[in-house]
Amino acid sequence: AGPACDLHGVVACEACHGRDHAEWGALDETGLALLNKTRQVREYSPGETIFTQGSTCQGIFCVDAGDVALRKSDEHGASAIVRMARAGQTIGYRALFSGGPYLATAEALTPCTVCFIPAGTVRELMERNANLAYRFLKRMAEDLRESEEQRLHAQSLSTRARLADYLLSLKDREGTVSEDG
């Protein structure tokens with residue numbers, strides 16, 4: 001882990017300061033102060049592991065900058081990327097809420113800055129702020145909906161149609177129109 005994040009300091013996690021982040025935006029100044037006091041920030045190079053599937057969940061992670069792949073492996077060692085996380089997204093929360101180990105391995109795809117938020121801090125913040133708990137519940141419901149849609153597409157669409165659908169979703173999420181069109 002790295003140095004603790006500070007709301008007004010040089011080392012800061014902009015994405016999880018709360019104002020522009022879906023879940024952490026529920027925090028008031030007292031909650032933000034607790035978050036800043038206990039979280040840690042670390043930079044990861046492409047290919048570095050943030051957490052490993054099956055390891056004990058010690059807390060959750062907020063991606064401040066960069067892209068992270070969540071990869072699941074089966075008992076035979078085959079693995080697949082099951083989700084991507086970008087700046088402003090929180091990862092590892094399903095393991096925390098289920099009380100089990102991390103369900104996937106998180107790996108930096110690009111240079112990343114990631115905040116680690118200890119489990120005790122998350123629990124305390126949720127006990128103090130029902131809106132924070134609601135926002136995480138909403139995030140889990142959205143993840144479940146997306147997963148169900150992906151499963152439906154995998155079963156009902158041809159490989160070519162799945163690829164076209166994926167490319168369109170990438171365009172919607174990541175695409176920009178340049179000056180030349």
Side-chain angles (χ1 to χ4, degrees), residues 1-2 4-9 11-42 44 50-72 81-109 112-153 169-170 172-174:
C5 295
D6 176 47
L7 184 60
H8 301 291
V11 178
C13 299
E14 296 299 327
C16 32
H17 278 166
R19 301 302 174 222
D20 298 322
H21 191 279
E23 290 82 36
W24 303 110
L27 295 178
D28 58 14
E29 292 303 317
T30 303
L32 285 172
L34 175 60
L35 183 66
N36 284 323
K37 184 173 127 180
T38 60
R39 67 184 173 180
Q40 298 176 324
V41 66
R42 177 166 174 217
Y44 293 87
I50 299 166
F51 58 82
T52 306
Q53 179 178 332
S55 62
T56 303
C57 178
Q58 301 293 319
I60 61 178
F61 298 82
C62 180
V63 180
D64 181 46
D67 296 318
V68 174
L70 293 158
R71 179 182 301 275
K72 264 191 128 140
I81 294 175
V82 294
R83 192 165 76 98
M84 299 288 293
R86 291 172 174 66
Q89 294 184 314
T90 304
I91 56 177
Y93 59 87
R94 285 186 261 183
L96 177 71
F97 299 147
S98 71
Y102 291 113
L103 305 173
T105 296
E107 178 183 315
L109 291 179
C112 292
T113 304
V114 179
C115 280
F116 170 75
I117 305 162
T121 299
V122 177
R123 287 186 189 103
E124 185 175 344
L125 289 169
M126 290 178 73
E127 286 172 6
R128 290 180 179 187
N129 188 328
N131 193 25
L132 177 64
Y134 171 76
R135 287 178 182 215
F136 271 106
L137 185 60
K138 184 177 177 184
R139 165 62 45 212
M140 289 182 16
E142 289 170 1
D143 287 349
L144 180 58
R145 180 195 51 76
E146 185 177 303
S147 176
E148 288 172 345
E149 286 178 11
Q150 289 174 353
R151 189 172 35 234
L152 175 63
H153 283 182
S169 71
L170 278 177
D172 291 344
R173 244 189 350 250
E174 302 292 328

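The figures that follow rest on heavy atoms only: side chains count, while hydrogens, waters and symmetry mates do not.
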Write down the atom of [X], the atom of [Y], and the distance for their closest heavy-atom approach.
X: M84; Y: Q89; result: O-OE1, 3.7 Å
X: E23; Y: L132; result: O-CD1, 3.2 Å
X: A95; Y: Y102; result: CB-CA, 3.7 Å
X: K72; Y: A104; result: CG-CB, 3.9 Å
X: A87; Y: A65; result: CB-CA, 4.1 Å
X: R39; Y: P118; result: CA-CD, 4.3 Å

* Give a yes or no on whether the backbone of T105 and the side-chain of T52 come within a donor-acceptor separation of less than 3.5 Å. =>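 Absent.
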* Test item: N129 side-chain N/O and A26 main-chain N/O as donor-acceptor pair under 3.5 Å ->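 Pair found, side chain donor or acceptor close to backbone of A26.
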Heavy atoms, side chains only, cut-off 4.5 Å: are [X] and [Y] in contact?
X: Q58; Y: F51; value: no
X: P101; Y: T56; value: no
X: E124; Y: T121; value: no

To the nearest 0.5 Å, tell me how far [X] [atom1] sits from [Y] [atom2].
X: I117; Y: L125; atom1: CD1; atom2: CG; result: 8.0 Å
X: R83; Y: I91; atom1: CZ; atom2: CD1; result: 7.0 Å
X: R135; Y: M126; atom1: CZ; atom2: CE; result: 12.5 Å
X: R123; Y: R128; atom1: CZ; atom2: CZ; result: 15.0 Å

* For V122, the option from L96, T38, L35 that meets side-chain contact (heavy atoms from CB on, under 4.5 Å) ->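 Answer to the side-chain contact (heavy atoms from CB on, under 4.5 Å) test with V122 among L96, T38, L35: L96.
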* From CA spacing to verdict: side chain to side chain contact (heavy atoms under 4.5 Å, CB included), F97, L137 -> CA-CA 10 Å; F97 299 147; L137 185 60; over 6 Å; no
* To do: Determine the interplanar angle of the F116 and F61 rings, folded into 0 to 90°, and report it as parallel if under 30°, tilted if 30 to 60°, perpendicular if over 60°.
  =>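 Tilted.
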* **Pair E142 + R145, salt bridge at N-O below 4.0 Å** =>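 No, E142 and R145 are not salt-bridged.
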* **Stepwise side chain to side chain contact (heavy atoms under 4.5 Å, CB included) test for R42 and V114** => CA-CA 6 Å; R42 177 166 174 217; V114 179; 5.8 Å; no
